[in-house]
Amino acid sequence: GGIITQTPKFLIGQEGQKLTLKCQQNFNHDTMYWYRQDSGKGLRLIYYSITENDLQKGDLSEGYDASREKKSSFSLTVTSAQKNEMAVFLCASSIDNYEQYFGPGTRLTVL
Amino acid sequence: GDSVTQTEGPVTVSESESLIINCTYSATSIAYPNLFWYVRYPGEGLQLLLKVITAGQKGSSRGFEATYNKETTSFHLQKASVQESDSAVYYCALGEDSAGNKLTFGIGTRVLVRP
């Protein structure tokens, strides 16, 4: 088996701040994803990457940057945090495109 | 764009009762999307419950079943007799492209099973 680790678990930022979330997987999966979940809404895809150094935009990429430094890691940057923003960011990975494995999430609060 | 609509929660049922969570989808980018049910148990991460990639087929896992109905564009999740351990949030999702990389999720349905 494998595991997806997301750091930090909780992230508190200030308005306008650049914030970085990190994700590591030891499944040796090719594809990794970042999703955002807001209260009362489904998960929305921000970015995904099908291999090292690849980036593909999802429906919610504006306001975010991402980086796939190596196969096992995928980071997401909030370029300018919005005041009172609260959301959970979920990282996932997959190998066969039919099943995605999710991490525990990073909960963001912007003061 | 593509969308998924599912039963609004919370849904409360008693142990041994039946459960159905409705899911309908609209797929504009692909004629026959892949369909999934994901589940998040308390304190755990989101995980795949079952998937069906062929229209007309049924998927099953942990006593749950869902049939891919392309005529009604539905993928309802059912269980004949729930247990307290089935308390969780259930998400219906569709795979938008042929490579299956982009999933569109419903809002999730919280299910509470009373002992």
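We name chains A, B, ... by the order of the sequence lines, and we start the count at 1 in each one.
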Please check if the number of heavy atoms outside [X] that lie under 6.0 Å from its [atom1] is greater than 12.
{"X": "B:E8", "atom1": "CD", "result": "no"}
{"X": "B:Y41", "atom1": "OH", "result": "yes"}
{"X": "A:R107", "atom1": "CZ", "result": "no"}

Is [Y] reachable from [X] through a run of I, L, V, M, F, W or Y residues, each pair having side-chain heavy atoms under 4.5 Å apart?
{"X": "A:L108", "Y": "A:F74", "result": "yes"}
{"X": "A:V88", "Y": "A:Y48", "result": "yes"}
{"X": "B:Y91", "Y": "B:F36", "result": "yes"}
{"X": "B:Y90", "Y": "B:Y68", "result": "yes"}
{"X": "A:F89", "Y": "A:L55", "result": "yes"}

Would you give the length of the straight line joining atom [atom1] of [X] to atom [atom2] of [Y], rounded to the nearest 0.5 angstrom?
{"X": "B:L49", "Y": "A:E99", "atom1": "CG", "atom2": "CD", "answer": "10.5 Å"}
{"X": "B:F105", "Y": "A:Q37", "atom1": "CZ", "atom2": "CD", "answer": "9.0 Å"}
{"X": "A:F102", "Y": "B:Y38", "atom1": "CZ", "atom2": "OH", "answer": "5.5 Å"}

For this session: Name the region of A:D38, side chain, backbone, both or neither, that has any atom closer than 4.5 Å to a heavy atom of chain B.
Result: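 A:D38 has no heavy atom closer than 4.5 Å to chain B.
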
Problem set entry | B:R40 side chain near A:L90 side chain, heavy-atom distance below 4.5 Å |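 Result yes, sub-4.5 Å side-chain heavy-atom pair found.
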
Exercise. Applying a criterion of heavy atom separation less than 4.5 Å, what residues of residues 16-24 of chain B form contacts with chain A?
Worked result: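 Counting heavy atoms that sit under 4.5 Å from chain A, no residue of residues 16-24 of chain B is involved.
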
For this session: Output the residues of residues 106-115 of chain B for which the shortest heavy-atom distance to chain A is under 4.5 Å, in residue-number order; output 'none' if no such residue exists.
Result: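 Residues in range: B:G106, B:I107.
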
For this session: Given side chain to side chain contact (heavy atoms under 4.5 Å, CB included), test A:Y35 with B:L103 step by step and report yes or no.
Result: CA-CA 10 Å; A:Y35 291 91; B:L103 293 181; 3.7 Å; yes

Exercise. Chain A heavy atoms under 4.5 Å from B:L46: which part of the residue, side chain, backbone, both or neither?
Worked result: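 The answer is both parts of B:L46.
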
